[in-house]
**Student:** 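Dropping the structure in here first, questions after.
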Amino acid sequence: EIYDLCGCEFNLNSPKQLREILFEKLGLPVGRKTKTGPSTDEEVLRNLSQKHEFPRMLLEYRRLTKLKSTYIDALPLLVDVQTQRLHTTLNQAGTETGRLSSSNPNLQNIPVKTELGRSIRGAVIAFSEDSVLLSCDYSQIELRILAHMSKDKALTGAFLQDADVHSRTAALIYGIDEKDVTDDQRSSAKRINFGIVYGLSAYGLSHDLSLSIDEAQKFIDAYFATYPGVKKYIEDQIAACEKDGFVTTIMGRRRYLPEINDRNNAMRQFAQRQAINAPIQGSASDLIKLAMIRIHAAMKTGFSRAKLILQIHDELLFDVPRAGVAEFARFV
């Protein structure tokens, strides 16, 4: 389809040939320049997609190519000859926040958001016809930890009342009833809820939601007015880290951030974002590891045929005999 649209065949993976098609043949505006010429990265193509069909199709081509090379072509070759199963390596010290990471192959990021991604996931099956895969995850764990650590009354209240925290946030930010929140408003609030945990800036939010930086800053200001305890938590974390040089998780595990007092502004801001996020993401990783240890110990006595086969950050994946899956799910 791309070749038909452009009227010629060319190497879709060649930046040089792409530049010729995009900026010479089609005459599209140059977005950002690199040392070798105009950029053809994802951000540039996304912006150009509003002007021509080709950049949109090129993004889709790259998405499909990545799925094919990363999963469809690669995973079957990694199946163990003796066990006829796929084995990953879980790394204990591969991340800065303490999360387990997965490699050779990475089984923590098999796609799920698109229909094609879900069909790739569908190839991952239980050990036998008598067993099923059971996935158990913590709901919005990092936001719950933020509520706990910040002691913010509104955020804590939303969880205690089992409310939809994103709709609640949207209602408070926009000053409307929860029942009147639109999907777009909820989506914006969700982005802010999760982004705040990672030290979201007005620039980052403006980019994500296609807003001006001023509009994005108003959103963030409204968020902090809604959840003043969160604003205080962030300020306190940064101040404590500047004084001590480290931050700690719920379990007391430390993350040292000497860059927090660096003369370089970019280094300092990066460390500030880490000071906000590391205790939250690190505490979530502490909790899932505790859960794994306790579940493993209890499985030895009560559910010896069940197996814990994968951890995906806030999610555990089990292979469980089909007959006892409901009882096992309650136990987990």
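As the structure is a prediction and not an experimental result, all values here were calculated from the model. For the single chain, residues carry numbers from 1 onward in sequence order.
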**Student:** So, the side chain of R268 versus the backbone of D262: is there a donor-acceptor pair under 3.5 Å, distance only?
**Tutor:**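 Side chain of R268 to backbone of D262: a pair is present.
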**Student:** Other residues, nucleotides and ligands only: do more than 12 of their heavy atoms fall within 6.0 Å of NZ on K307?
**Tutor:**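 Not more than 12 within 6.0 Å, no.
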**Student:** What class does the angle between the rings of Y203 and H207 fall in, given that below 30° is parallel, 30 to 60° is tilted and above 60° is perpendicular?
**Tutor:**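 The arrangement is tilted - the two ring planes meet at 30° to 60°.
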**Student:** Can you tell me how far CZ of R99 sits from CG of N91, rounded to the nearest 0.5 angstrom?
**Tutor:**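 CZ of R99 is found 14.0 Å from CG of N91.
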**Student:** One pair to check against side-chain hydrogen bond (donor to acceptor under 3.5 Å, both in side chains): R255 and T248. What are the steps and the verdict?
**Tutor:** CA-CA 6 Å; R255 168 90 188 273; T248 56; over 6 Å; no
**Student:** Counting only heavy atoms from other residues, nucleotides and ligands, does the tally under 6.0 Å from CD of E96 exceed 12?
**Tutor:**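 No, because the 6.0 Å sphere around CD of E96 holds 12 heavy atoms or fewer from other groups.
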**Student:** In Å, rounded to the nearest 0.5 Å, how long is the span from CZ of F54 to CG of L22?
**Tutor:**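 The CG atom of L22 is 5.0 Å from CZ of F54, to the nearest 0.5 Å.
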**Student:** Around atom CZ of R118, are there more than 12 heavy atoms of other residues, nucleotides or ligands at under 6.0 Å?
**Tutor:**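 Atom CZ in R118 is packed in, count exceeds 12.
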**Student:** Are I141 and I295 connected, step by step, through hydrophobic side chains (Ile, Leu, Val, Met, Phe, Trp, Tyr) whose heavy atoms are closer than 4.5 Å?
**Tutor:**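 I141 clusters together with I295.
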**Student:** Which distance, rounded to the nearest 0.5 Å, do you find between the CG of N193 and the CG of L143?
**Tutor:**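 Result: 5.0 Å between the selected atoms.
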**Student:** Do any pairs count as a ring pair (Phe, Tyr, Trp, His ring centres under 6.0 Å) and have a residue in residues 120-143, sequence neighbours left out, and if so which ones?
**Tutor:**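 The answer is none; no pair qualifies.
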**Student:** Under a plain distance cut-off of 3.5 Å, with no hydrogens placed, do S39 and T34 share a side-chain donor-acceptor pair?
**Tutor:**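 Not at all, the side chains of T34 and S39 share no donor-acceptor pair under 3.5 Å.
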**Student:** So, do T249 and Q281 sit near enough that their side-chain heavy atoms are less than 4.5 Å apart?
**Tutor:**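 When only atoms from C-beta onward are counted, Q281 and T249 do not touch, as no gap falls below 4.5 Å.
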**Student:** Whether the side chain of S187 engages the backbone of D184 through a donor-acceptor N/O pair (distance < 3.5 Å, no angle test) should be reported.
**Tutor:**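 Not at all, since once roles are kept as given, no pair shorter than 3.5 Å links the two residues.
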**Student:** Please examine the side chains of I120 and L67, heavy atoms only from C-beta on, and report whether any two atoms are closer than 4.5 Å.
**Tutor:**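 When only atoms from C-beta onward are counted, I120 and L67 do touch, with a gap below 4.5 Å.
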**Student:** Return yes if some donor-acceptor pair links the side-chain N/O of S103 with the main-chain N/O of P105 below 3.5 Å, else return no.
**Tutor:**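 Not confirmed, S103 side chain does not pair with P105 backbone.
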**Student:** Got a sec, which pairs hit ring pair (Phe, Tyr, Trp, His ring centres under 6.0 Å) with one end in residues 262-316, sequence neighbours left out?
**Tutor:**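 Output for this query lists F303-F328, F303-F331.
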**Student:** Does F224 have any ring pair (Phe, Tyr, Trp, His ring centres under 6.0 Å) partners at least two apart in sequence or in another chain, and if so, which?
**Tutor:**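 Ring pair (Phe, Tyr, Trp, His ring centres under 6.0 Å) check on F224 returns nothing, list empty.
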**Student:** Does any N or O in the side chain of Y3 come within less than 3.5 Å of the main-chain N or O of F10, such that one atom is a donor and the other an acceptor?
**Tutor:**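 It does hold such a pair.
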**Student:** Are Y227 and Y223 close enough, and set up right, to give a ring pair (Phe, Tyr, Trp, His ring centres under 6.0 Å), and what steps lead you there?
**Tutor:** CA-CA 6 Å; Y227 300 127; Y223 180 93; 5.0 Å; yes
**Student:** Suppose the criterion is salt bridge (Lys or Arg N to Asp or Glu O under 4.0 Å): which pairs have a residue in residues 272-288, not counting sequence neighbours?
**Tutor:**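 For residues 272-288, and leaving out neighbouring residues, the salt bridge (Lys or Arg N to Asp or Glu O under 4.0 Å) pairs sorted by first residue read R253-D286.
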**Student:** May I ask you to decide whether E53 forms a salt bridge with R56, counting only side-chain N to carboxylate O separations under 4.0 Å?
**Tutor:**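 Salt bridge flag = yes for R56 with E53.
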**Student:** Do any pairs count as a salt bridge (Lys or Arg N to Asp or Glu O under 4.0 Å) and have a residue in residues 201-219, sequence neighbours left out, and if so which ones?
**Tutor:**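 Sorted pair list: R191-D208.
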**Student:** Could you tell me which non-hydrogen atom of P38 sits nearest to which non-hydrogen atom of V30, and how far apart they are?
**Tutor:**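 Result for this residue pair: CB-CG1, 3.7 Å.
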**Student:** Just checking, any donor-acceptor pair under 3.5 angstrom between side chains of D221 and Q217?
**Tutor:**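 There is such a pair (donor and acceptor under 3.5 Å, judged by atom type) between the side chains of D221 and Q217.
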**Student:** With sequence neighbours left out, which residue pairs that include part of residues 163-176 fulfil the salt bridge (Lys or Arg N to Asp or Glu O under 4.0 Å) condition?
**Tutor:**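 Residue pairs passing salt bridge (Lys or Arg N to Asp or Glu O under 4.0 Å), neighbours aside: D164-R186, R168-E178.
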**Student:** Treating D152 as the side-chain partner and G229 as the backbone partner, does any N or O pair qualify as donor plus acceptor under 3.5 Å?
**Tutor:**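 Side chain of D152 to backbone of G229, a donor-acceptor pair under 3.5 Å: yes, one is there.
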**Student:** Give, for atom CD1 of I312 and atom OG of S102, the distance between the pair rounded to the nearest 0.5 Å.
**Tutor:**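 Reported to 0.5 Å precision, the distance equals 8.5 Å.
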**Student:** Ignoring hydrogens and geometry, is there a side-chain-to-backbone donor-acceptor pair from E142 to I280 under 3.5 Å?
**Tutor:**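 No, the answer is negative, given that no donor and acceptor are paired below the 3.5 Å cut-off.
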**Student:** Could you pull out all residues at least two apart from T95 that satisfy side-chain hydrogen bond (donor to acceptor under 3.5 Å, both in side chains)?
**Tutor:**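 Counting only residues at least two positions away or on another chain, T95 forms no side-chain hydrogen bond (donor to acceptor under 3.5 Å, both in side chains).
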**Student:** For the atom pair CD1 (I110) and CG (L107), what is the distance rounded to the nearest 0.5 Å?
**Tutor:**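 Reported to 0.5 Å precision, the distance equals 5.0 Å.
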**Student:** Between D177 and K179 (side chain of the first, backbone of the second, donor and acceptor by atom type, cut-off under 3.5 Å), is there such a pair?
**Tutor:**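 Answer holds: no.
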**Student:** Only counting residues at least two apart or in another chain, list the ones meeting side-chain contact (heavy atoms from CB on, under 4.5 Å) with Q237.
**Tutor:**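 Result, side-chain contact (heavy atoms from CB on, under 4.5 Å) vs Q237: Y233, V247, P279.
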**Student:** Taking only residues at least two apart or on different chains, which pairs with a member in residues 77-123 satisfy ring pair (Phe, Tyr, Trp, His ring centres under 6.0 Å)?
**Tutor:**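 Qualifying pairs, neighbours excluded: none.
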**Student:** Side-chain contact, heavy-atom cut-off 4.5 Å: V165 with L155?
**Tutor:**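 Side chain of V165 against side chain of L155, heavy atoms only: contact under 4.5 Å found.
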**Student:** Would you say K190's side chain and A170's backbone share a donor-acceptor pair under 3.5 angstrom?
**Tutor:**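 No, the answer is negative, given that no donor and acceptor are paired below the 3.5 Å cut-off.
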**Student:** Under 3.5 Å, side-chain donor or acceptor atoms of residues 58-65 against the rest of the protein: list the pairs with distances, not counting sequence neighbours.
**Tutor:**
{"from": "E60", "atom 1": "OE1", "to": "R63", "atom 2": "NE", "distance (Å)": "3.1"}
{"from": "E60", "atom 1": "OE1", "to": "R63", "atom 2": "NH2", "distance (Å)": "3.4"}
{"from": "E60", "atom 1": "OE2", "to": "R63", "atom 2": "NH2", "distance (Å)": "3.0"}
{"from": "Y61", "atom 1": "OH", "to": "N13", "atom 2": "OD1", "distance (Å)": "3.3"}
{"from": "Y61", "atom 1": "OH", "to": "N13", "atom 2": "ND2", "distance (Å)": "3.3"}
{"from": "R62", "atom 1": "NH1", "to": "T40", "atom 2": "O", "distance (Å)": "2.9"}
{"from": "R62", "atom 1": "NH2", "to": "T40", "atom 2": "O", "distance (Å)": "3.1"}
{"from": "T65", "atom 1": "OG1", "to": "Y61", "atom 2": "O", "distance (Å)": "2.7"}

**Student:** Filter on salt bridge (Lys or Arg N to Asp or Glu O under 4.0 Å), then keep only pairs touching residues 311-330, sequence neighbours left out; what's left?
**Tutor:**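 Counting only pairs at least two positions apart or across chains, no salt bridge (Lys or Arg N to Asp or Glu O under 4.0 Å) contact touches residues 311-330.
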**Student:** Give a yes or no on whether the backbone of M267 and the side-chain of N264 come within a donor-acceptor separation of less than 3.5 Å.
**Tutor:**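 Yes: the side chain of N264 pairs with the backbone of M267.
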**Student:** So does I125 have more than 12 non-hydrogen atoms from other groups sitting under 6.0 Å from CD1?
**Tutor:**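 Count not over threshold, so no.
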**Student:** Which residue pairs satisfy the ring pair (Phe, Tyr, Trp, His ring centres under 6.0 Å) criterion with at least one member in residues 139-170, sequence neighbours excluded?
**Tutor:**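 Every pair satisfying ring pair (Phe, Tyr, Trp, His ring centres under 6.0 Å) with a residue in residues 139-170: H166-F194.
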**Student:** Is it true that atom CE of M251 has more than 12 heavy atoms of other residues, nucleotides or ligands lying nearer than 6.0 Å?
**Tutor:**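 Not buried by this count: 12 neighbours or fewer within 6.0 Å.
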**Student:** Is a donor on one side and an acceptor on the other found under 3.5 Å between the side chain of S14 and the backbone of N11?
**Tutor:**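 Side chain of S14 to backbone of N11: no pair is present.
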